[in-house]
Structures are given as structure tokens and as C-alpha cells.
**Student:** 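My structure is below; once you've seen it, I'll send some questions.
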2 protein chains.
Amino acid sequence: MKGYSQFCPVAKGAEIFNERWTPLIIREMMCGSRRFNDLKRGNPMMSPSLLSQRLKFLEQAGVVEKKTGNNESVEYSLTESGRDLGEVVTRLGLWGLRWARSRLTEDDYDPQLLMWDIRRRIDTSAFPPGRVVLSFMFRDMPSNRRAYWLVVENGDVDLCIKFPGFDVDLTFVTTSKTMADIWMGHTTIRKETSNGNLTLEGSRKLKSNIDDWFTCSVFSDPEALRESLT
Amino acid sequence: MKGYSQFCPVAKGAEIFNERWTPLIIREMMCGSRRFNDLKRGNPMMSPSLLSQRLKFLEQAGVVEKKTGNNESVEYSLTESGRDLGEVVTRLGLWGLRWARSRLTEDDYDPQLLMWDIRRRIDTSAFPPGRVVLSFMFRDMPSNRRAYWLVVENGDVDLCIKFPGFDVDLTFVTTSKTMADIWMGHTTIRKETSNGNLTLEGSRKLKSNIDDWFTCSVFSDPEALRESLT
DNA sequence: CGGTATCCCCCGCGATACTG
DNA sequence: CAGTATCGCGGGGGATACCG
């Protein structure tokens, strides 16, 4: 994007921030993604070349830092400037939560993206030792996007799009929209199980302490998020 | 701009906010511009058709309200949603002030834009009754962009790019960069007169109470601006 | 895994002119 | 003043293939 030829700080900020995908890349980093392919998984519709291009630009702009480990591994992270810019992202998200919710289209409810979000917010410390397998069935989706599994083990959570072969401890049966609404805090697991939009099948224990380990999106608690802004 | 196909509030917010010029249009409205041509003057590099297109989109997005008076006059204003989005703009500006200042190019110091900003922040209440004429001479500019006049009268401020024919009460002689730096609070009138980057010629009285009527950009006081955010 | 390299299309947007 | 109409191009960015 070409510049605005204005000295105004809003214009100079917009020259960096107001590009396609940029807030979403920063959002991913704020959520802890540091690897190229993780950033890409958080933005599946973005082409790798464009992601690469943006990362280079953001690095040059002092927002993102690229570190190459001695084992050739590459990590991206936010600089202090980038973390500051994160507050703009947060505020934009708070605005979107309040004012852009009505603009959600069917296309927006991508279950894979939802699962990727859920994956990184699962509180593994609330699980018993050993392996726990969760499965999610989205009734409204075509067969190739209907089923997902989360395998929780040793503090790690793996997202699978094919049956991992392990016994399933708890199954969520619902629609992508219901699940996303729960995720965003527009409704609760309790409400949606009551009205039948969500069915939980499996371990009674996992069901009973679900609020301990199923951590919703940071946007599900706008008040807390707002207070986290300086 | 096409959507992101993500339910995330940041993505939905970005679909509206992250378009070219959008933050600058909202900034203009936050500063009080309500007429089409005023919005355009605040963004001189933007083509009228694009401004029209953006206003239509922002209206449809519930950010901007268009009102047609009975005398066919048209006014644009921010809705509640738009004022909320203004906080994102403000925060982006605060970020730009701190982190994007080093990216300023020669092209950014447009004296006309600067004068348009100064014009609307002049505190007319601090002036004596009658007409006061200020002139600004930018030494670094070519002749067609070197001189501007502000005619203050009856609480109104008019910006002229040609000599208005009235006696001038006070003249600023400086460069566009020095003036912009004063405007943004990076330096002060006092400092720049001391070091010779700014010369004030004319009414001793207007010079002596210049801090009363020459009101700098809202971004010149970041602390106050930050506190204005909810 | 962590990107590049291409290709190509589309349309965003800048420029200019014009209208009521 | 408040826009619309038109035109043309540049490059943003989507898709896909490929590489070390």
C-alpha cells in the first residue's frame, strides 16, 4: 500500500497497520504463535508468499522480530513496538465484538479455525495425567470438515482432522455456529446443552469440570480484556 | 476488500477498519468535519469518487450517518459505533506518534494539510474583536506552496492560499518540518524561536499570548489523549 | 518445516472531467 | 457545494508449484 503523504500520526500508523491481514498476523503472535506455519494455520486463507511478504514488511517496520536459532529453526515474535500495536488490535477486536457481530456470514464459521483457537486455549493443567481425547462433531458441516479431535497429553494439545485411533473420552456434538457462539461468550455450554444445541457424550468427570479446562476466547470476557489495556 | 472468512472479532473489525483511507476519514469526523468537501480537504490526495465510495460503505456498516438537511445540505457524522471506532483511531495515532515517527518522509510534510489542521484548532475566543490576519511563510517550499494566511473574524477562521488583501498582524517564517514538529508537540514555539528555526514578526501582543490562541494538535499531549480513552 | 518462485487476474484506486 | 462518470494501470494478492 502506498503512503498517505501526511505527517499525522494516524496516517503514519495506518501505513503500517492498515494493510490486509496485518491485524490478524499480530493477533496470532499475541496468542503465542511464533512459527511460520503456525501463523499460517491461524490464517488458512492467506497465501504463504503473502504471509512471507507481510512478515518482512513488519520486521522492517520494527513491529516483528525474526530470530533464527542455531538449529536453523525460525521464530517470529513481537517487538515492544509490536506489543504496543497489539493494543490497537485488541481494541479493534473489542469494537468488532460489539459492533460487527451482525455482519458475520455463514462463511465466517470455519470449524477448522475454531478448533485451532480452542486447541491453544485448552487448560491442560486441569486434566489428569495420561492421555485425554476429545472429539468434536459439527452437524452442519460436510463430511470433510465435520470431525475434529484434540489429543491432550503431557501438557500438549494436538489437533487432528482424522481419527487418531485412540479411545475418545468426550464428544461434543453441535454446529459450528453454536460452538463459535460459546467460544465468543455469546452463550454458554450450560445454556446450549440445556436447549439441545450442544450434546456432550462421554466421561462424566470431564463434563462436570468442563469449566476448568475449556477456556473460551479472550474476547469472551470483554471487561477483563478492556482492563488489560494500558 | 474481500472478507477474511473468520468469525474472530478482530477479523470482522478489520474488514471494516482496515481499508485504505478509512482511519483518516474517521479522524476527520472526530475533528469535527461534517461536509463532503471538508472531509476531502482533510485528505487532499484522496479522489472524490473514492471518498464517496468509502462514505457509502461506512454508512452501510453503521459507522457513519448521512443527513440531508431541508436546504439540500448534506452532513456526515459518526454514529455511536463510529465514535467507538474512533478510539481505535486514537490508539493507532498514539502508536504512530511513538513508533512511526521515524518513518516520516519529506513528502509527508505537506504545508497545506498542516494549515488545514492549524485552522481548526485556533482558539478564536482568545482574540480581540475585529479581524486578525496571520500569515505563514514556509521557506523550504516552492513558491506555489510557500505562503498561507489565516483570517480570523467573528469566531471563524478562513484559510487562504492567496494574499487576502488585509493587513497582516503576525507572520510565521519557518519550514514546514519545524512547524509540523511544533504542531505535534515534538518541540515548542519558544524553543524554535530561540534557535532561529521560527521567526515571528508583527504584533507584540499576539506574540506574547500566543500560547492562548495557538492550540497544537490533540496528539501533542499524548497523556491527556490516552486518558480520554475509556 | 519454512519458505520462494511464478503466473495471472482482477479490481482498487488515482486522475480527470463533468454535472446539477 | 456535493458528488458521479469514466478510464486505465499497477500491483496486490490468490493459487499453485516447487525447493533446500
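Chain letters run A, B, ... following the sequence lines, proteins first and then strands; every chain starts at 1. Computed from heavy atoms alone, side chains included, the values below leave out hydrogens, waters and symmetry copies.
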**Student:** Is the phosphate of C:dG3, meaning OP1 or OP2, less than 4.0 Å from a side-chain N or O of A:Y76?
**Tutor:**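 Checking C:dG3 against A:Y76, a side-chain N or O does come within under 4.0 Å of OP1 or OP2.
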**Student:** What does the inter-axis angle of the helix from C:dC1-D:dG20 to C:dG20-D:dC1 come out as, five pairs per end, nearest 10 degrees?
**Tutor:**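 The end axes of the helix from C:dC1-D:dG20 to C:dG20-D:dC1 are about 50° apart, to the nearest 10°.
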**Student:** For DNA chain D, which residues in residues 27-40 of chain A have a heavy atom at a distance below 4.0 Å?
**Tutor:** none
**Student:** Using OP1 and OP2 only, check whether a side-chain N or O of A:K66 sits under 4.0 Å from C:dG3.
**Tutor:** yes
**Student:** Whole angstroms only, please: what is the CD-C1' distance between B:E72 and D:dC1?
**Tutor:** 12 Å
**Student:** Nearest-Å distance, NZ (B:K67) to C1' (D:dA2)?
**Tutor:** 18 Å
**Student:** Please determine, for the side chain of A:W21, which listed nucleotide (D:dG14, C:dC1, D:dA2) has the closest atom?
**Tutor:** D:dG14
**Student:** How many Å lie between CE on B:M46 and P on D:dA2, as a whole number?
**Tutor:** 16 Å
**Student:** I need the CZ-C1' distance between B:R41 and D:dA2, as an integer number of Å.
**Tutor:**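 My rounded result for the distance is 12 Å.
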**Student:** Could you work out, with side-chain contact (heavy atoms from CB on, under 4.5 Å) as the rule, every residue matching B:D110, not counting sequence neighbours?
**Tutor:**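 side-chain contact (heavy atoms from CB on, under 4.5 Å) list for B:D110, sorted by chain: B:P44, B:Q112, B:L113, B:R145.
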**Student:** Should B:F136 and B:F172 be marked as a ring pair (Phe, Tyr, Trp, His ring centres under 6.0 Å) after you check the CA-CA gap, both sets of side-chain angles, and the distance that decides it?
**Tutor:** CA-CA 5 Å; B:F136 294 76; B:F172 292 65; 4.3 Å; yes
**Student:** Give a yes/no on whether any side-chain N or O of A:R20 is located under 4.0 angstrom from OP1 or OP2 of C:dG12.
**Tutor:**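 No, because none of the side-chain N or O atoms of A:R20 sits under 4.0 Å from OP1 or OP2 of C:dG12.
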**Student:** Give the intermediate values and the outcome of side-chain contact (heavy atoms from CB on, under 4.5 Å) for residues A:L94 and A:L229.
**Tutor:** CA-CA 11 Å; A:L94 284 167; A:L229 295 172; 4.2 Å; yes
**Student:** Which letters describe nucleotides 15-20 of chain D, given B = protein heavy atom under 4.0 Å from base, S = only from sugar-phosphate, - = neither?
**Tutor:** BB----
**Student:** Rounded to the nearest 0.5 Å, what separates atom CZ in B:R34 from atom OG in B:S73?
**Tutor:**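 Taking CZ in B:R34 and OG in B:S73, the distance rounds to 11.0 Å.
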**Student:** A:L50 has a side chain; which of C:dG14, D:dG14, D:dG3 sits nearest to it?
**Tutor:**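 Of the options given, the side chain of A:L50 lies nearest D:dG14.
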**Student:** Could you pull out every donor-acceptor pair under 3.5 Å between side chains of residues 82-90 of chain B and any protein atom, sequence neighbours left out?
**Tutor:**
residue	atom	partner	partner atom	Å
B:R83	NH1	B:L78	O	3.1
B:D84	OD2	A:R98	NH1	3.1
B:D84	OD2	A:W99	NE1	2.9
B:E87	OE1	A:R91	NH1	2.6
B:E87	OE1	B:T230	OG1	3.1
B:E87	OE2	B:T230	N	3.4
B:E87	OE2	B:T230	OG1	3.4
B:T90	OG1	B:G86	O	3.0

**Student:** With side-chain contact (heavy atoms from CB on, under 4.5 Å) as the test, would you mind laying out the steps for B:L39 and B:L55 before giving the verdict?
**Tutor:** CA-CA 10 Å; B:L39 295 171; B:L55 286 170; 4.1 Å; yes
**Student:** Taking only heavy atoms on the protein side, list every residue of residues 51-62 of chain A lying under 4.0 Å from any atom of DNA chain C, sorted numerically.
**Tutor:**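 Here the set is A:S52, A:K56.
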**Student:** Separation of B:Y4 atom OH from D:dG12 atom P, in whole Å?
**Tutor:**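 From B:Y4 OH to D:dG12 P: 15 Å.
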